[in-house]
Amino acid sequence: MKGLTSIMRTAGLALAGTMLATSAFAADISGAGATFPYPIYAKWADAYKKETGNGLNYQSIGSGGGIKQIKAKTVTFGASDKPLKPEALDEAGLMQFPMVMGGVVPVVNVKGVKPGDMVLDGPTLANIFMGKIKVWNDAAIKKLNPTLALPSTAIAVVHRSDGSGTTFNFAYYLGDVSTTWKENVGVDASVEWPVGIGGKGNEGVANMTAQTDGAIGYVEYAYAKQNKMSYTKMINKAGKIVTPDDTTFAAAAANANWAKAPGYYLILANQQGDQSWPMTAATFILLYKKPGDTAAVVEALKFFDWAFAKGNQMAIELDYVPMPDSVQKLVQNSWATQITDAAGKPVWTKK
Amino acid sequence: MNPAQNTAGIYTADRKVLARNSLKDSFARYLTKSAAVLVLLLLGGVIFALIEGSLPAIKQYGFGFITTERWNPVTEIFGAKAPIYGTVVTSLIAMLIAVPVGIGIAVFITELCPRWLKQPISTAIELLAGIPSIIYGIWGLFILAPLLQRYIQPALIATFEGVPVLEGLFSGPPYGIGILTAGLILSIMVLPFITSITRDVFETVPPMLKESAYGLGCTTWEVVRHVVLPYTRTGVIGGMMLGLGRALGETMAVTFVIGNAHKIGSSLLAPGTTISASIANEFTEADGELYTSSLIALGLILFVITFIVLAAARLMLLRLDKKAGK
């Protein structure tokens with residue numbers, strides 16, 4: 001195992017090396033991880049480079065890969081859709097903070113059902129994905145949608161085949177609302193699905209849902225919106241019907257208590273609040289608390305600081321949701337207090 | 001200048017040339033030798049890395065790894081039965097389709113085809129081999145799968161309803177993707193391998209043999225059945241084995257159309273997974289030593305399966321060469 005890791009590390013270094021070599025700037029910030037925030041990181045990087053001349057080299061290799069790369073110290077920061085538990089952070093000497101948010105939405109392909117027509121709640125969704133609800137005109141779905149004409153078509157469950165932060169957040173929500181799910185299926189970036197077929201990536205799930213009559217899948221909100229897929233509304237923890245959009249995602253984030261979450265270990269699923277979308281998800285950045293290369297970390301922090309200050313509009317344009325101001329301030333505080341150089345001096349001073 | 005000196009001069013010049021040539025020779029020998037050794041080292045390195053990487057999984061699960069169907073990343077219970085089943089069954093379906101079609105094409109090209117059509121068909125077959133597998137995957141997902149789902153799979157289900165055994169093989173909801181679709185895609189992908197090798201070995205049949213058979217009044221079918229095929233039997237099997245080797249390891253195209261479910265369904269229409277598809281899907285997000293190690297162990301199993309198939313093909317091709325008197 002160790003041998004293989006070192007081979008992969010070398011390969012990663014070689015890859016990073018070639019990428020650095022092709023870029024004109026030696027001061028490129030290097031990061032790797034989650035695929036979900038890649039479009040916005042790329043957009044920010046582009047604008048940041050135009051403004052400062054400093055580039056960002058971000059490899060979207062998946063959250064698991066991002067965690068591995070930061071632990072192998074081949075990159076300055078790692079990115080993950082799945083936050084590390086505080087114990088895991090301490091063990092590795094890492095700190096993490098939320099960078100930007102999005103939402104996971106169920107999408108369906110049922111004849112006559114248009115975007116936003118159908119309403120589902122957590123337990124029903126869990127039962128569908130466990131194969132307990134098998135047809136669309138099941139009593140549980142009918143009860144939530146009394147006015148909708150539901151066919152007797154069999155439900156075809158579509159899930160992600162690759163490990164994914166999207167799956168983690170989706171499974172986390174289902175586990176939160178259904179103990180059966182939590183005990184039998186569990187929560188992880190990939191799980192042992194009781195039923196259904198797997199599509200690779202958001203596009204795989206979207207495509208299989210679109211071409212299978214009676215299908216239900218889950219994708220990132222941006223993906224559902226851009227492809228005009230039939231998303232469903234959800235009944236949230238407060239018992240209210242909510243539509244997935246930036247206001248309901250922001251509501252979930254605003255209701256979350258980030259200040260009291262050690263290591264920002266907080267999953268935005270099933271938050272309180274009338275307006276909260278139940279499957280809201282944040283994506284996280286991982287940094288070393290005592291980085292070997294302090295200068296590189298400062299460069300990375302400058303980029304994140306810039307993204308908080310000037311990147312919100314760009315995030316909204318790409319259907320992401322910026323972190324609320326209060327959370328951004330909290331995060332900037334953590335940079336100043338948690339990241340130090342070898343002598344124990346903070347590397348970041350709050351402006 | 002006396003003649004003796006002259007001879008000695010030529011002798012020295014000859015020796016120089018000889019020495020230079022032998023230097024070149026030994027340089028070439030070492031260069032090619034090191035290239036050959038490099039391949040062996042690489043192969044050895046891959047085997048070593050695979051075994052070392054799989055050790056945690058082998059220690060944890062032992063032989064049970066091969067016989068367990070469950071694949072649960074949450075509780076870290078991993079078993080290779082479903083991917084092995086998917087790999088073997090999709091490859092079998094591919095061979096069932098590609099072997100008769102491939103041999104048919106080869107017979108047509110070598111025995112029946114008008115001269116002007118020979119080259120276009122051969123080129124088309126070779127072009128099929130050049131299409132990247134991701135293109136097959138996309139084509140399979142966007143074109144083939146919807147066609148299967150809408151027309152062919154419902155027809156299969158309806159046709160075999162009530163027929164014992166076959167009813168079970170063709171049952172369940174028509175997803176369009178699954179084991180059968182993956183097998184179909186694979187059959188198209190291995191077809192060029194089987195066809196071109198079969199065609200080549202068919203052309204090794206001495207014309208005299210065929211003409212004698214025709215002279216005895218044999219029909220084309222009888223010549224193919226009783227002269228060409230027996231003569232080239234081992235070569236044809238070798239080509240099939242090479243195709244099988246490709247089918248076993250194919251990753252991208254299969255990942256797109258197999259449905260990626262770690263399950264062994266009784267129906268061929270059900271989604272499944274293969275070894276390479278599982279690795280491609282899950283490696284990036286596999287966290288934890290046991291998960292990564294189980295995926296590498298899957299790779300080791302595939303390596304062993306492919307090695308056996310290719311070794312068998314080598315042996316058969318060797319036997320063909322002997323038979324052809326080369």
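Below, each value reflects all heavy atoms present in this structure, side chains not excepted, and no hydrogens, waters or symmetry copies. Lettering of chains follows the sequences in order, A, B, ..., and the numbering in each one begins at 1.
- Top candidate by heavy-atom pairs under 4.5 Å with chain B, chosen from A:Gly186, A:Ala189, A:Ser63, is A:Ser63.
- What you find for B:Ala261 and A:Gly196 is that their closest heavy atoms are CB-O, 3.8 Å.
- Residue contact with chain A, scored on non-hydrogen atoms closer than 4.5 Å, involves the backbone of B:Ala280 exclusively.
- Options A:Gly198, A:Ser80, A:Ala156 differ in how many heavy-atom pairs under 4.5 Å they form with chain B, and the most are formed by A:Gly198.
- Top candidate by heavy-atom pairs under 4.5 Å with chain B, chosen from A:Asp213, A:Val195, A:Thr212, is A:Thr212.
- Between A:Val185 and B:Val74 there is no side-chain heavy-atom pair separated by less than 4.5 Å.
- The neighbour count for A:Tyr38 OH, taken as heavy atoms of other residues, nucleotides or ligands under 6.0 Å away, does not exceed 12.
- In this structure a side-chain-to-backbone donor-acceptor pair under 3.5 Å is present from A:Gln211 to B:Leu141.
- Residue contact with chain B, scored on non-hydrogen atoms closer than 4.5 Å, is absent for A:Ile67.
- No part of A:Val158 comes within reach of chain B, as not one of its non-hydrogen atoms sits under 4.5 angstrom from that chain.
- Side-chain contact check for B:Ile77 versus A:Glu192: every heavy-atom pair is 4.5 Å or farther apart.
- For B:Arg70, the parts lying near chain A are the backbone and the side chain together; criterion is any non-hydrogen pair under 4.5 Å.
- To the nearest 0.5 Å, atom CH2 of residue A:Trp193 and atom NZ of residue B:Lys263 are 11.0 Å apart.
- When each of B:Gly259, B:Pro146, B:Ala145 is scored by its heavy-atom pairs under 4.5 Å with chain A, the top score falls to B:Gly259.
- Between the OG atom in A:Ser190 and the CG atom in B:Asn72 there is a gap of 9.0 Å [rounded to 0.5 Å].
- Taking non-hydrogen atoms and a 4.5 Å limit, the residue list of residues 82-97 of chain A in contact with chain B, ordered by number, reads A:Lys82.
- Ranking B:Ile258, B:Thr75, B:Ile177, B:Leu55 against chain A, the residue ahead of the rest is B:Ile177, based on heavy-atom pairs under 4.5 Å.
- Taking the ring centre of B:Tyr291 as origin, the terminal cationic atom of A:Lys68 falls outside the region bounded by 6.0 Å and 45° from the ring axis.
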* side chain to side chain contact (heavy atoms under 4.5 Å, CB included) between B:Glu282 and A:Asp162: does it pass, once the steps are laid out? -> CA-CA 5 Å; B:Glu282 295 175 43; A:Asp162 45 342; over 6 Å; no

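- Although no hydrogens or angles enter the test, the distance criterion places no donor-acceptor pair under 3.5 Å between the side chain of B:Asn260 and the main chain of A:Ser161.
- By number of non-hydrogen pairs under 4.5 angstrom with chain A, the leading residue of B:Pro271, B:Ser54, B:Pro73 is B:Pro73.
- For the atom pair CG of A:Asn207 and CD1 of B:Ile138, the computed distance is 10.5 Å after rounding to the nearest 0.5 Å.
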